[in-house]
Amino acid sequence: MARRVPPRPTRLTLDTPEDYDLPRDLCSYGYFLLEPNDWDPASGTFSTVLALEHGAAAITITQKCPGKPLCARADRTLTRSEMAQARTMLSRMLRLDESAESIAAFHAVDNRWRASGRGRLMRSPTLFEDMAKTITSCNVQWPGTIDMNAALCARVGSPATGGRFAFPAPEQLARKRAPWLRSRCRVGYRDQRLIDLARLFLKGHIDEAWLEDPATPDEEVRRFLLDLPGIGPYAAHNIMQLLGRYGFLPLDTESVRHGTSVLGFTGDDKRVLKQVTAHYERFGLGPGGQAFRSYWLDLWAYYESSRGPAHTWEKRTTGRTFTAAQLRPDRKDSTLKDSPSSGGTTRASR
DNA sequence: GGTAGACCTGGACGC
DNA sequence: GCGTCCAGGTCTACC
């Protein structure tokens with residue numbers, strides 16, 4: 001009887017920009033805490049599940065030291081075309097396509113981040129996942145977003161080994177009925193909006209190449225996004241930054257908290273938001289601006305000041321502690337560095 | 001153009 | 001432990 005040879009895991013080497021630092025550049029945006037992503041602070045290993053041509057594949061990524069290539073290992077043998085697909089997706093997700101020169105251009109506008117080298121913000125392997133994740137972060141606290149993404153992967157996504165699942169592809173989500181999605185994935189009224197978005201992708205009504213093309217004017221992209229189901233001003237501006245268009249601020253309740261507790265602004269919410277916008281204008285608002293990165297890195301620095309460096313956050317403990325209530329400056333235990341098991345919530349770590 | 005209320009879920013809070 | 005209140009962004013109706 002012929003012995004069955006176990007499939008050989010495919011290994012990939014991913015070249016990085018000379019300043020790339022995996023813990024810093026991956027743990028830069030809350031999506032690193034959302035399924036199917038998983039960062040292990042102890043080993044400095046990132047893993048995710050990609051939906052590839054012949055099924056889902058779990059990918060593990062490490063980097064020996066900053067500036068060195070990334071070592072990626074799949075849990076199965078990938079075909080040649082799947083390898084190319086995985087490279088494209090990982091490059092998008094980790095912003096490997098953003099050069100050191102591009103980051104330097106940001107630092108020229110806001111030199112506060114030059115020493116730490118911050119500027120690359122993690123995103124999803126596909127635009128569809130970025131948009132869907134943005135919708136799951138609207139009108140809900142951060143643990144709700146975490147739970148919705150976990151359920152979407154487990155109930156709708158494709159399985160990989162080890163009981164892990166990829167994020168649903170548009171065709172998988174488009175097949176679902178709203179009541180099913182609502183009851184199984186706890187997405188609430190977002191059910192139909194997620195399905196409609198998936199169907200638009202499936203029908204080719206969302207031209208990814210046009211949206212990603214730097215030659216496409218920011219204002220046209222913004223107007224297009226605002227017409228999509230479930231996408232309002234906050235979501236549109238957030239998707240803009242995920243597309244690498246940094247001149248727009250996704251203003252929400254976190255912006256109000258930041259404006260009052262960190263920047264010291266006063267007045268009602270509307271007035272505070274106006275002052276926040278004016279404050280970040282110096283870093284460039286509108287087409288070609290950099291204001292978002294300055295704004296976001298300020299928020300991130302605030303979270304790290306109470307939770308410790310993001311690359312030390314445990315997904316199941318610290319990663320769930322971002323709630324408006326827990327981030328209130330008047331809260332006595334808002335510093336949770338010593339109590340990583342505390343529960344809680346905000347869209348803060350988005 | 002601006003405003004109010006509904007949408008849905010889960011955390012916070014009071015008893 | 002239970003019930004109630006409230007936070008959260010988008011959408012729609014209305015002024």
Side-chain angles (χ1 to χ4, degrees), chain A residues 29-31 33-35 130-152 154-155 173 176-200 206 222-242 248-261 267-274 276-277 292 295-296 299 303 307 316-334 336 339 341-350:
Chain A
Y29 194 64
Y31 289 3
L33 297 165
L34 298 180
E35 287 294 315
D130 269 342
M131 287 187 175
K133 276 184 157 60
T134 298
I135 290 176
T136 65
S137 78
C138 289
N139 204 25
V140 67
Q141 297 208 326
W142 181 243
T145 302
I146 293 176
D147 294 340
M148 280 184 237
N149 277 275
L152 283 168
R155 305 270 187 174
L173 210 44
K176 297 298 176 193
R177 290 184 182 278
W180 187 92
L181 203 62
R182 178 179 297 214
S183 63
R184 305 300 171 94
C185 301
R186 316 298 295 166
V187 296
Y189 66 91
R190 301 163 196 82
D191 52 4
Q192 194 60 54
R193 296 174 189 180
L194 287 165
I195 292 170
D196 288 346
L197 183 73
R199 289 178 180 164
L200 287 172
I206 296 177
R222 187 174 164 278
R223 276 200 299 272
F224 177 82
L225 294 175
L226 284 169
D227 274 344
L228 296 176
I231 309 292
Y234 160 78
H237 290 185
N238 193 55
I239 295 166
M240 293 288 284
Q241 68 86 6
L242 292 164
F248 301 82
L249 299 179
L251 298 173
D252 61 359
T253 50
E254 259 305 280
S255 317
V256 176
R257 185 203 53 73
H258 179 63
T260 53
S261 67
D268 60 21
D269 289 3
K270 209 170 166 185
R271 189 171 138 78
V272 170
L273 290 178
K274 268 193 176 176
V276 168
T277 304
F292 175 79
Y295 163 78
W296 181 254
L299 284 186
Y303 305 146
R307 270 37 172 194
R316 286 158 196 84
T317 55
T318 325
R320 290 184 73 90
T321 65
F322 295 89
T323 66
Q326 293 215 24
L327 286 168
R328 269 203 316 260
D330 57 338
R331 189 186 166 96
K332 281 184 188 151
D333 63 343
S334 65
L336 298 178
S339 55
S341 61
S342 303
T345 17
T346 172
R347 272 196 351 284
S349 54
R350 244 174 346 239

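What you see is a predicted model; the values in this text were computed from it and never measured. Values below: all heavy atoms of this structure, side chains included; hydrogens, waters and symmetry mates excluded. Just so it is clear: chains get the letters A, B, ... in the order the sequence lines come, proteins before strands, and each one is counted from 1.
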Peer 1: Counting only distance, no hydrogens or angles, is the base of C:dG8 paired donor-acceptor with the side chain of A:Tyr234 under 3.5 Å?
Peer 2: no
Peer 1: Look at A:Asp191 together with A:Arg184 and state whether they make a salt bridge at an N to O cut-off of under 4.0 Å.
Peer 2: no
Peer 1: Please report, rounded to the nearest Å, how far the P atom of C:dA7 is from the CZ atom of A:Arg257.
Peer 2: 16 Å
Peer 1: Establish, from distance only, whether the side-chain atoms of A:Thr321 and A:Tyr303 form a donor-acceptor pair under 3.5 Å.
Peer 2: no
Peer 1: Could you check whether A:Leu251 gets within reach of a base, just the sugar-phosphate, or nothing at all, counting any heavy atom under 4.0 Å?
Peer 2: nothing
Peer 1: Among A:Asp268, A:Asp269, A:Leu251, which residue satisfies the side-chain contact (heavy atoms from CB on, under 4.5 Å) criterion with A:Val256?
Peer 2: A:Asp269
Peer 1: Would you say A:Arg190 reaches B:dC8's phosphate, i.e. side-chain N/O to OP1/OP2 under 4.0 Å?
Peer 2: no
Peer 1: If you compare every side-chain N and O of A:Ser137 against the phosphate oxygens of C:dG8 (OP1, OP2), does one of them come in below 4.0 Å?
Peer 2: no
Peer 1: From C:dG9, B:dT9, B:dT3, pick the nucleotide closest to the side chain of A:Arg186?
Peer 2: B:dT9
Peer 1: Using a 4.0 Å heavy-atom cut-off across all strands, classify A:Ile231 as base, sugar-phosphate, or nothing.
Peer 2: sugar-phosphate
Peer 1: Could you give the CE-to-C1' distance, from A:Met148 to B:dG11, as a whole number of Å?
Peer 2: 13 Å
Peer 1: Which listed nucleotide (B:dG11, B:dG10, B:dC8) is nearest to the side chain of A:Arg182?
Peer 2: B:dC8
Peer 1: May I ask you to decide if the ring planes of A:Phe292 and A:Tyr295 are parallel, tilted or perpendicular, using 30° and 60° as cut-offs?
Peer 2: tilted
Peer 1: Would one find a side-chain N or O of A:Thr253 under 4.0 angstrom from OP1 or OP2 of C:dA7?
Peer 2: no
